[in-house]
2 protein chains.
Amino acid sequence: MADVTLKKLSELLNLSISTVSRALKDHADVSEETRNRVKQLAAMVDYEPNTYAINLRTNHSREFGVIIPSIANDFYQSFISSLEEEARYNGYSLIILQSGDDPATEIENLRRCKQNRLAGIFVSITSRTNDLNPFMRLVEQDIPVIFFDIVPAFEACNKVCVDDAAAAVMAAETLIAQKKKNILAIFGKNQLSITRKRLQAFTETFNKYGSDAQLNSLHAGSTADTFTLLMDHLASPLKYDVVFCMSDEILIGVMKAIQTLGLRLPQDIGVLAISEGIIPTYYYPRITYIETSGFKLAKMAFSRMLACIAGSSYVQELKSEPVLVAGGSL
Amino acid sequence: MADVTLKKLSELLNLSISTVSRALKDHADVSEETRNRVKQLAAMVDYEPNTYAINLRTNHSREFGVIIPSIANDFYQSFISSLEEEARYNGYSLIILQSGDDPATEIENLRRCKQNRLAGIFVSITSRTNDLNPFMRLVEQDIPVIFFDIVPAFEACNKVCVDDAAAAVMAAETLIAQKKKNILAIFGKNQLSITRKRLQAFTETFNKYGSDAQLNSLHAGSTADTFTLLMDHLASPLKYDVVFCMSDEILIGVMKAIQTLGLRLPQDIGVLAISEGIIPTYYYPRITYIETSGFKLAKMAFSRMLACIAGSSYVQELKSEPVLVAGGSL
DNA sequence: AACATTTCCGCAAACGTTTGCGGAAACATT
DNA sequence: AATGTTTCCGCAAACGTTTGCGGAAATGTT
């Protein structure tokens, strides 16, 4: 029952191994009749090609590596979910490796990818990664590397990421269009590049439109930070008509405060967020947000990967366009 | 630069391939001196064994398959995160395959695992899976299969899952200890086995303790269902002093209603849930919940897998004990 | 000094595929 | 009828590793 190989098939059919192999892949060098005989028997005995042998012979596999800081994150969750679908549809599999935001583990994961001779690697670097050489060395060995989400700032490499500036611009424009006049905007840690990009684009947009809105931009390092900050700033008398949240983490803190204070959306105050799209559905009414979902990003990353495998050698930097998803919080 | 093999090493060292191979794995048949020479050169030229060849030769790989309905789920997220850590620590990798709650895709994924000759498979079956034979066939081919979370009801197989009954009992006991008298309990779809187990254990516990609490148990199919149901049942005059939520999905709907109605935790009403542990932290105060986290489950599943690979042939059914995590909602 | 034992290493087969090449048979063209 | 062309198939090498076996040299035992 166990392992049926090309050899066994060839013996049963009085053919050579080569002919059986070619027949199974519809090679023109074998007659239609023989092809059918072979395929029929193969189906009957449930022949399955030995992937180990194929990999060795062809010197490549149909597996991609995915290196991320942690899978426990809404963004990576949607990204991987979408990427896996694409991969499966194209006959590839995904190997997941978490770096736990530790550069050393990241290097170790990279080594494993190389050792397993994966067909390509998708990687979202840790916040503390500063040596990109190990990644570049893979590229030199013809293993395509696609950076996504958190990508190196300067290096010439394939990058696929959210258009942070565009998302922030869209947020600002939405608030301006809604004629909000007293805006409390909460951003993440100042040293993160994502924070700087979003903050800059956000404020610049208000200037560009010559808006007369009062804009108060604050930073919060975590959900808990945001909560205490907001409990203070949203205390009555209420000075704001809307709160803008740069990320899901912040949105959660803001909503905790709003609930605790008994404020109601959208009558008492409006809320607009930049979000992966999961958290906003947890509230009633649903939060209006600018989507930076991993789904689209994954499809872009995957098609870029296929292009690389097909031989595209130049590098490319792709950005996914944000989309406004209307809820009832504005 | 590219591919350095045993052959190249052997030529550089004037040794045979076999000796080099053995030296690298500290085989006793090669002298200490030679071993060191070999290892030194190998390190210098950055030799990396060809995994394809090793797999073919040894006829097994260090990769596990993980088949789940969808990765976009808090439970699977924590499960996989934890499982990947364990695997990596033990030199294994994880291949993720989503079935999209479609039995046909599930079979296809299973076929791919078999074809890729993975070392073992972790699987959480879809809600519509009823033919377990394809899985059993893998077991016969000496590929261990560990079912987790959603497991087959009757078949003799390795199962690792949450102790649904124990979690429900703990929930009931908590409510009784808190002397709650008017309980609104929301459960999921009645046809799901998880619902039946939790509902039964929950109500039986109240009977067992001879509680005089008023218990109203309702079913809701989704978050939206729960919301509309609760908007009705929690309308004033408020008849309940606590709401019990069987799952995260239900908790979200309940909280939406509570927020919309402007009820405050825990003064106006209490909330207790059975949860994966993420959602309860999204609210203020944090929701008190019975944890059924995937972390512990993953560790149990992995060690069971290792036992299977080591030759343990009997099947085992493991349950993870739930834990009460106190928040401020009771 | 003769023999037995240990130490160390190489030969070669095997794992299951893919594929370049060559060749026999069948067919088509003069 | 002789030649060129096409159709169909098999031989054998190659991918890089592991490992049983055998054997030469070194060491130990009478």
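Here is how names work: the chains are called A, B, and so on, in the same order as the sequence lines, proteins then strands, and each is numbered from 1. Excluded from the calculations below are hydrogen atoms, water molecules and symmetry mates; all remaining heavy atoms, backbone and side chain alike, are included.
Remark: A:Thr19 is in phosphate contact with D:dG10, judged by side-chain N or O atoms under 4.0 Å from OP1 or OP2. The phosphate of C:dT18 (OP1 or OP2) has a side-chain N or O of A:Ser21 nearer than 4.0 angstrom. In this structure, A:Tyr47 reaches the C:dT17 phosphate: one of its side-chain N or O atoms is under 4.0 Å from OP1 or OP2.
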All N/O pairs under 3.5 Å across the protein-nucleotides 24-28 of chain D interface:
none

Distances for protein N/O vs nucleotides 4-8 of chain C N/O pairs under 3.5 angstrom?
none

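The nearest whole Å value for the distance from the CD1 atom in A:Ile54 to the P atom in C:dT19 is 10 Å. With rounding to whole Å, A:Glu33 atom CD is found 13 Å from D:dC9 atom C1'. Distance B:Glu48 CD to D:dG16 C1': 14 Å, rounded to the nearest Å. Between B:Lys7 atom NZ and C:dC11 atom P there is a gap of 13 Å when expressed in whole angstrom units. Rounded to whole angstrom, the span from the NE2 atom of A:His27 across to the P atom of D:dT7 amounts to 13 Å. If you take CG of A:Asp26 and C1' of C:dT18, they are 16 Å apart, rounded to a whole angstrom. Here the C1' atom of nucleotide D:dC15 and the CD1 atom of B:Ile17 are 12 Å apart, to the nearest Å. Rounded to an integer number of Å, the gap from A:Asn50 CG to D:dC15 C1' is 13 Å.
Across B:Glu85, B:Glu84, B:Glu86, a single residue satisfies salt bridge (charged side-chain N to carboxylate O under 4.0 Å, His left out) together with B:Arg88, and that is B:Glu84.
Nearest approach of A:Gly120 to A:Ile143, heavy atoms of both residues: CA-CG2, 4.0 Å.
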Before you tell me yes or no, could you show the steps for B:Arg137 and B:Gln141 under side-chain hydrogen bond (donor to acceptor under 3.5 Å, both in side chains), namely the whole-Å CA-CA distance, both residues' side-chain angles and the distance that decides it to 0.1 Å?
CA-CA 6 Å; B:Arg137 231 167 292 149; B:Gln141 292 195 7; over 6 Å; no
What's the verdict on ring pair (Phe, Tyr, Trp, His ring centres under 6.0 Å) for A:Phe148 and A:Phe79, showing C-alpha distance, side-chain angles and the deciding distance?
CA-CA 10 Å; A:Phe148 68 94; A:Phe79 182 89; 3.8 Å; yes
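B:Leu56 comes within 4.0 angstrom of a base, heavy atoms only. Contacts of B:Thr5 with the nucleic acid, taken as non-hydrogen atoms under 4.0 Å apart, involve only primed sugar atoms and P, OP1 or OP2. Among the atoms of the strands shown, base atoms are found under 4.0 Å from some heavy atom of A:Ser18. Looking at heavy-atom distances under 4.0 Å, B:Leu15 makes contact with sugar-phosphate atoms alone, never a base.
The shortest side-chain heavy-atom distance between A:Leu41 and A:Leu13 falls under the 4.5 Å cut-off. Here the side chains of B:Tyr76 and B:Ser124 are in contact, with some heavy-atom distance below 4.5 Å.
With hydrogens and angles left out, the side chain of B:Arg117 and the base of C:dG16 share no donor-acceptor pair within 3.5 Å.
Take the nearest nucleotide of DNA chain C for B:Val20 and for A:Lys25: the residue whose nucleotide is more 5' is B:Val20. Residue B:Arg22 is the one, among B:Arg22 and B:Asn59, whose nearest nucleotide of DNA chain C lies closer to the 5' end (criterion: closest heavy atom).
Between B:Phe122 and B:Phe302, the ring planes are parallel. Angles under 30° get that label, and only those over 60° would be called perpendicular.
Remark: side-chain polar atoms of B:Ser10 are not paired, donor with acceptor, to backbone N or O of B:Ser16 under 3.5 angstrom.
A:Glu11 and A:Lys8 are not joined by a salt bridge, as no carboxylate oxygen comes within less than 4.0 angstrom of a charged side-chain nitrogen.
Residue pairs meeting the ring-ring contact (aromatic ring centres under 6.0 Å, His included) criterion with at least one member in residues 22-51 of chain A, sequence neighbours excluded, do not occur.
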